[in-house]
S.K.: 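Okay, here's the structure, questions in a sec.
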Amino acid sequence: MSLAWLGVVPFLAYATAFLLLPAANVLIGAFQSNEGGYTLDNVRTLFDEPYRTAFKNSIEVSLVTALLGGIIGLLMAYSAIREGTPRWIRGGLTTFSGVAANFAGIPLAFAFIATFGILGVGTQAMTAVGFNPYDHGFSLFTKTGIEIVYLYFQIPLMILVIAPAIDGLRREWREAASSLGASSWQFWRHIGVPILLPSLLSAMVLLFGNAFAAYATAYGLTSGGVGLVPIQIGFFLSGDVFDNPHLGQALAFGMFVVLGLMMLAYIPLQRISSRWMK
Amino acid sequence: MAVVELKQLHRRFGEVVALAGIDLDIGTGEFVSLLGPSGCGKTTALRLVAGFDRPTSGRVVIDGQDVTDVPPNRRDIGMVFQAYSLFPNMTAVRNVEFGLRVRKQRGADRNRRALELLDLVGLAQAANRYPHQLSGGMQQRVALARALAIEPRLLLLDEPLSALDAKVRVQLREEIRRIQLELGITTIYVTHDQEEALSISDRVAVMSGGQIEQIGPPAEMYGSPATPFVAEFIGTMNRLLATVGDDGSIDYAGLRLRVDAARGLPRGERVLCLVRPETVEVVRANGLVAEGAMAGEVLSNTFLGSTSRLRVASESGERSITADISTAQGVDLVVGTKVVASFPPDSPRLLSLADEPMFPVPDPDSR
Ligand SMILES: Nc1ncnc2c1ncn2[C@@H]1O[C@H](COP(=O)(O)OP(=O)(O)OP(=O)(O)O)[C@@H](O)[C@H]1O
Ligand SMILES: [Mg+2]
């Protein structure tokens, strides 16, 4: 018998120790009671406040920033990559995106507060020209604020992951379409977007997950004032809520479920959109 | 079908002059090839005709209409690219239909038309395959069908066969010519393969450095190249650097050769004596060297099928000549054999080098 299977042993060991065990722990713990028996109460509690709102907020923030970040990132990447744009613009944008996509957490929250907080320099500049956004219902310390700040890393992440797909759009496709009589709009509708669609979908799923799990940025910005699921879990970690540690596991389990549903919606879409590749 | 006129087309990319004034008139239903080495401006010229690029100066006129400022999607020109131009998200038949679809033709009509065209290029059975399920040759056939589907006024092909292997290349080029003749469509064909250009064109334009060096029917281009560059580029040619001697002779590195074309030329003028390898005769040396023949030994003997290509050089190495002889005859003449090479005096052409500052032209064997 061949011993080739030995090669995958380290991988299996790693997957078991660091992927399966924590997941199993969450899965089992979510259904345990403090007394040690099994119960559905923890999961049922997820549908009560404040957890219900936390899930709603988390999903909304993730969807909005994945869609907006995805579209804006796509347009920015395309305009930087297309023919006729000087090469240094592309280089600059890629480098900036590499940094910005990873610039999250407390420093990012701080940077935005210093700029667009009530006394931020940006806010003051706008007030100076007669438009104080805080007089018009805007606040950085709301869900909208969180979404704006998240876009700061969502857009660059989109630029990084979608750039190779845009590079893959061949000049010949555009020119062939054009010589066959297609307008630019018709090219995008029939060729450009359908070809990019599989990459767009997977990039947006990545963006969704990225926002869904983000914690420190939102916490730094609102100190927990806007409930998000990771922030609720954070309360359990920091020991602010003592009565039921299994509720923390149930929250994590809930996140798994949301991401799982996301994948369930994504897989058939992906299959349809990439039919022509197989 | 259309008449095409290119008028003094110039195209500069920064410092690079890609086209330095192209003038070309193409008649209705004519098949013209642009032939030339890499970087001579063939693609640039074609892209100007297609409208993908704009000339720095000059005009493109189709059927008397100046289309220089008309965008490509309003020019009614079919284009076939080098490779990978099919839309990967559409099956073969959808690709062919595409031009009709953007023209808002009815679904059933355009489907029938697309299938007709796939049939014309011999691919009816592959209509529902995606491009990645087709071989390179099949992809190019679909690309041709797609370009023809819109019944273009003009068909442009940019090295459509260069990514295919030799056998498919020959087969497909003949098919392109057959279809072109059948439809009577005016065609511009870009290639760097002289055999391809000569075999399927009505006229061949040899380009160099962004200009047309010479244009004419294939036989004329082969038989009477007008410049050393064309001579070098079309077919294999011996280029003997010589001076005109007296009475219909030339002096080639100290050897007196009889060349009819030298008659009447001023004595002492520097010339390039062009000798086709197939006119050179090579025999085993028997001690006698006739006047006007060159003694030497075989440097190489390359099997080319029914013929063999011999390279013969004098002992000192200052004279050398290439000969294509029948393989039956060449089989004895192994490398190192002492031989005598000669050619009939009426076969060479002479090009005066009086106004050729560029000499020497590159060695064809090194290209
Ligand atoms: N977009 C461009 N920007 C800058 N230079 C260019 C551009 N397109 C072509 N050139 C230059 O113009 C010259 C002619 O290019 P072109 O592509 O027309 O050559 P070609 O004859 O088609 O060569 P090949 O056989 O390699 O395809 C080359 O020197 C090339 O580098
Ligand atoms: Mg080219």
Side-chain angles (χ1 to χ4, degrees), chain A residues 70 74 78 81-91 162-204 266-278, chain B residues 43 46-47 49-53 70-92 94-105 110 128-133 139 142-158 160 163:
Chain A
L74 171 70
Y78 178 70
I81 289 174
R82 61 189 263 176
E83 254 174 277
T85 307
R87 286 211 68 82
W88 62 266
I89 290 188
R90 179 190 181 152
I162 206 67
I166 295 176
D167 277 328
L169 287 179
R170 302 181 59 89
R171 176 165 98 172
E172 285 87 342
W173 296 337
R174 220 179 45 231
E175 292 183 345
S178 164
S179 74
L180 291 168
S183 62
S184 167
W185 154 250
Q186 282 168 321
F187 165 75
W188 282 106
R189 176 166 140 55
H190 296 294
I191 298 149
V193 169
I195 290 175
L196 284 182
L197 199 56
S199 315
L200 277 179
L201 284 173
S202 45
M204 286 194 186
Y266 159 74
I267 289 166
L269 281 178
Q270 180 72 8
R271 185 161 307 147
I272 294 167
S273 68
S274 61
R275 207 179 24 192
W276 48 272
M277 289 180 190
K278 304 194 187 60
Chain B
T43 297
L46 210 62
R47 292 172 57 80
V49 178
F52 302 141
D53 190 16
V70 176
N73 57 344
R74 306 244 184 74
R75 286 196 186 187
D76 261 327
I77 292 178
M79 175 99 185
V80 178
F81 299 82
Q82 187 167 351
Y84 308 118
S85 72
L86 293 182
F87 308 133
N89 59 324
M90 299 182 196
T91 58
R94 296 259 160 219
N95 263 281
V96 178
E97 271 183 11
F98 183 78
L100 306 174
R101 191 157 147 211
V102 298
R103 281 173 171 67
K104 307 269 188 288
Q105 209 179 85
R110 65 177 198 234
N128 292 317
R129 292 211 216 153
Y130 283 100
H132 75 97
Q133 299 167 322
Q139 291 185 25
V142 176
L144 178 63
R146 181 178 68 179
L148 292 172
I150 58 169
E151 294 179 34
R153 303 192 275 180
L154 176 64
L155 180 64
L156 307 178
L157 304 102
D158 189 0

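In what follows, chains carry the letters A, B, and so on, assigned in the order in which the sequence lines appear, proteins first and then strands, with residues in each chain numbered from 1. Atoms considered below: every heavy atom in the structure, side chains included; atoms not considered: hydrogens, waters and symmetry mates. Keep in mind that what you see is a predicted model, and the values were worked out from it rather than measured.
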S.K.: Quick one: are Arg101(B) and Gln186(A) in side-chain contact, heavy atoms under 4.5 Å?
M.R.: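 No, every pair of side-chain atoms sits at 4.5 Å or beyond.
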S.K.: Where do Ile191(A) and Phe98(B) come nearest, in terms of heavy atoms and distance?
M.R.: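 Of all heavy-atom pairs spanning Ile191(A) and Phe98(B), the closest is CD1-CZ, 3.6 Å.
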S.K.: Where do Ser85(B) and Glu172(A) come nearest, in terms of heavy atoms and distance?
M.R.: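 Minimum heavy-atom separation between Ser85(B) and Glu172(A): CB-CB, 3.8 Å.
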S.K.: Look at Arg103(B), His132(B), Arg146(B), Arg75(B) and state which one has the largest set of heavy-atom pairs under 4.5 Å with chain A.
M.R.: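 So the answer, after comparing Arg103(B), His132(B), Arg146(B), Arg75(B), is His132(B).
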S.K.: Specify the closest pair of heavy atoms between Gly181(A) and Val102(B), including all atoms of both residues, with the distance to one decimal.
M.R.: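 Closest pair (atom of Gly181(A), atom of Val102(B), distance): C-CG2, 3.9 Å.
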S.K.: Sort Arg94(B) into side chain, backbone, both or neither according to what part of it lies under 4.5 angstrom from a heavy atom of chain A.
M.R.: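 For Arg94(B), there is no contact with chain A at all, as no heavy atom is under 4.5 Å.
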S.K.: Please determine, among Ala50(B), Pro88(B), Ala143(B), the option with the most heavy-atom pairs under 4.5 Å with chain A.
M.R.: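 Winner by heavy-atom pair count: Pro88(B).
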S.K.: Write down the atom of Tyr130(B), the atom of Arg275(A), and the distance for their closest heavy-atom approach.
M.R.: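 Nearest pair, atom of Tyr130(B) first, then Arg275(A): OH-NE, 4.0 Å.
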S.K.: Side chain, backbone, both or neither: which part of Leu86(B) has an atom under 4.5 Å from a heavy atom of chain A?
M.R.: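 Leu86(B) touches chain A through backbone heavy atoms alone.
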S.K.: So for Gln82(B), is it side chain, backbone, both, or neither that comes closer than 4.5 Å to the heavy atoms of chain A?
M.R.: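 For Gln82(B), no heavy atom lies under 4.5 Å from chain A.
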S.K.: Counting neighbours of OH on Tyr266(A) that are heavy atoms of other residues, nucleotides or ligands and sit closer than 6.0 Å, is the number greater than 12?
M.R.: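 More than 12 within 6.0 Å, yes.
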S.K.: So which part of Ala83(B) gets closer than 4.5 Å to some heavy atom of chain A, the side chain, the backbone, both or neither?
M.R.: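 Ala83(B) touches chain A through backbone heavy atoms alone.
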S.K.: Below 4.5 Å from any heavy atom of chain A, which atoms of Arg74(B) appear? Answer side chain, backbone, both or neither.
M.R.: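 Neither; nothing under 4.5 Å.
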S.K.: Do you know which two heavy atoms are closest between Trp276(A) and Asn89(B), and how far apart they sit?
M.R.: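 Closest approach of Trp276(A) to Asn89(B), heavy atoms only: CG-CA, 3.4 Å.
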S.K.: Which atoms of Arg171(A) come close to chain B, meaning under 4.5 Å heavy atom to heavy atom: side chain ones, backbone ones, both, or neither?
M.R.: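 Interface part for Arg171(A): side chain.
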S.K.: Heavy-atom distance under 4.5 Å between the side chains of Phe87(B) and Leu180(A), does that happen here?
M.R.: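 Yes; the side chains approach each other to less than 4.5 Å.
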S.K.: To the nearest 0.5 Å, tell me how far Glu175(A) CD sits from Phe81(B) CZ.
M.R.: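 Nearest 0.5 Å value for the CD-CZ distance: 5.0 Å.
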S.K.: Counting only non-hydrogen atoms closer than 4.5 Å, does Ile150(B) touch chain A with its backbone (N, CA, C, O), its side chain (CB onward), both, or neither?
M.R.: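 Ile150(B) touches chain A through side-chain heavy atoms alone.
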